[in-house]
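Here the structure comes first, spelled out in structure tokens, and everything after it is commentary.
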Protein chains: 2
Amino acid sequence: MSKPRGPYAKTSAKRQQIIDAALAAYAEAGSRNVSLRDIAQRVGMTYAGVMHHFGSKEALLTAVLEARDAVAEERFGPEPGTTELLSSAVLRHNASTPGLVKLFVDLVAAAAEPDHPAHDFFEQRYERFRGRLAERIERSVADPAEVDAAWLARIFIAAADGIQLQWLLDPDIDMAADIERLGGLLVGPHWAAGSVGSAGSAGEGPTPDAPEGARPASS
Amino acid sequence: MSKPRGPYAKTSAKRQQIIDAALAAYAEAGSRNVSLRDIAQRVGMTYAGVMHHFGSKEALLTAVLEARDAVAEERFGPEPGTTELLSSAVLRHNASTPGLVKLFVDLVAAAAEPDHPAHDFFEQRYERFRGRLAERIERSVADPAEVDAAWLARIFIAAADGIQLQWLLDPDIDMAADIERLGGLLVGPHWAAGSVGSAGSAGEGPTPDAPEGARPASS
DNA sequence: GTCTATATTAAGATAGAC
DNA sequence: GTCTATCTTAATATAGAC
């Protein structure tokens with residue numbers, strides 16, 4: 001997956017370089033006003049050169065989001081479920097990169113079309129995150145039989161996505177605090193016991209280092 | 001506001017005709033593959049003719065969403081706050097028009113950009129809906145001092161928006177049931193006492209006629 | 001005042017030279 | 001693997017007919 005040996009090493013490096021440039025472009029400019037020509041210029045290439053590596057703009061943007069996921073996966077390790085509970089820390093980090101949040105919303109909206117290149121990616125991504133979160137919820141409550149973990153997972157991810165939508169229009173909204181509070185209310189004090197401060201508190205806990213690309217289902 | 005007398009009557013009619021055509025186009029095709037030329041063709045006009053009436057594509061699309069809001073406002077009457085409680089009925093209706101849901105998500109994502117033509121529209125729309133919902137929540141609970149109505153409004157609208165995002169990718173999700181259940185859990189049995197069945201139940205209540213364009217903050 | 005016709009600009013996609 | 005050149009489509013602006 002990382003650093004392939006062989007004739008593709010150079011290509012892979014270029015790809016990563018382009019992805020980084022795209023990431024930077026969206027972080028700075030927001031998703032409007034970002035063309036493939038802009039991105040190409042950042043890496044000292046032409047538009048056609050970028051197209052050669054990704055085939056289409058949508059493929060490149062999907063690769064950008066995949067790259068963020070990969071980074072998150074690496075940081076949190078293989079233990080399933082725990083990453084999702086960090087969502088308030090993630091939202092806190094996302095608040096510093098509105099361009100990337102916008103990229104996510106833009107792409108997921110476009111990917112709703114069944115024949116969109118990124119459709120399968122997002123479908124599987126949501127499925128995966130819902131499954132993991134549900135599993136983690138079941139293990140964190142006293143009596144798993146009393147909660148509908150699948151429903152809770154859907155709702156929680158929905159709230160996280162939706163609050164980012166509102167935040168994009170009104171940056172004064174404290175996304176992380178709102179979601180943390182919801183977690184405390186929905187699954188009780190066990191929520192986020194792993195690393196974030198106690199639920200219900202709206203203060204900004206320590207949360208050592210919010211990883212670059214970790215989030216439950218929203219960018 | 002409606003049916004102006006004078007020289008603009010014909011223009012106004014044309015505008016409405018175009019809006020209806022755009023609505024139909026999005027309902028059928030989804031938001032990709034819909035160009036202003038498609039819409040123009042539906043009303044027997046050229047692209048430039050449509051442009052004359054709206055000035056830009058974004059202005060037209062905003063007008064479409066405004067028109068839906070206007071219809072909802074008319075149906076529900078002036079009583080503030082009650083409309084929002086119908087959201088599960090609205091979501092049930094929205095489930096039949098994925099193209100329009102996609103239009104909403106597409107536009108709101110684009111409108112996150114501060115200089116986007118529809119930015120102010122969405123900003124005010126969310127502000128308005130949050131205010132109304134918060135007010136209604138305060139009146140529906142036993143002790144208003146014990147709930148943070150503003151937070152509940154943000155979270156509830158966020159969940160409604162977010163669940164539609166998931167539904168676009170997985171139509172098997174029962175948006176209305178999920179949100180109804182959340183309402184019952186967050187603000188208790190008083191929730192949706194107006195017209196929808198008792199909260200917490202995932203069944204599909206009667207909800208006589210879901211109006212064309214009513215929804216709290218999502219399309 | 002309302003619309004058609006046309007031109008310009010920009011972006012994504014493709015073909016083929018090197 | 002990278003680039004030049006070209007094609008297609010969409011958005012925008014303008015001129016002028018009725």
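So you know, we letter chains A, B, ... as the sequences are listed, proteins then strands, and number each from 1. Worth saying up front: this structure is predicted, and the values here are computed from it rather than measured.
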How many Å lie between [atom1] on [X] and [atom2] on [N], as a whole number?
X	N	atom1	atom2	answer
B:Gln17	C:dT2	CD	C1'	14 Å
A:Leu36	C:dT14	CG	P	13 Å
A:Met51	C:dA13	CE	P	4 Å
A:Ile18	D:dG1	CD1	P	12 Å
A:Phe54	D:dT2	CZ	P	11 Å
B:Ile39	D:dA11	CD1	C1'	13 Å
B:Leu60	D:dA11	CG	P	10 Å

Residues forming a salt bridge (charged side-chain N to carboxylate O under 4.0 Å, His left out) with A:Glu113, sequence neighbours excluded: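 Salt bridge (charged side-chain N to carboxylate O under 4.0 Å, His left out) check on A:Glu113 returns B:Lys102.
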Not counting sequence neighbours, which residues clear salt bridge (charged side-chain N to carboxylate O under 4.0 Å, His left out) with B:Asp20? List them please. none
List in chain and number order the residues that pass side chain to side chain contact (heavy atoms under 4.5 Å, CB included) with B:Gln124, two or more places apart in sequence or in another chain; answer none if no residue qualifies. B:Asp120
Run the side chain to side chain contact (heavy atoms under 4.5 Å, CB included) test against A:Ala29 and tell me which residues pass, sequence neighbours left out.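 Once residues adjacent in sequence are excluded, the partners of A:Ala29 under the side chain to side chain contact (heavy atoms under 4.5 Å, CB included) criterion are A:Val34.
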So, are B:Asp148 and A:Arg181 salt-bridged, with charged N and O less than 4.0 Å apart? yes
Applying salt bridge (Lys or Arg N to Asp or Glu O under 4.0 Å) as the test, list every pair that has at least one member in residues 33-62 of chain A; sequence neighbours left out.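 Of all non-adjacent pairs touching residues 33-62 of chain A, those that pass salt bridge (Lys or Arg N to Asp or Glu O under 4.0 Å) are A:Glu28-A:Arg42, A:Glu58-B:Arg32.
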Atom pairs, protein N/O to nucleotides 3-9 of chain D N/O, distance under 3.5 Å:
| unit_1 | atom_1 | unit_2 | atom_2 | d |
| --- | --- | --- | --- | --- |
| D:dC3 | OP2 | A:Thr46 | N | 3.4 |

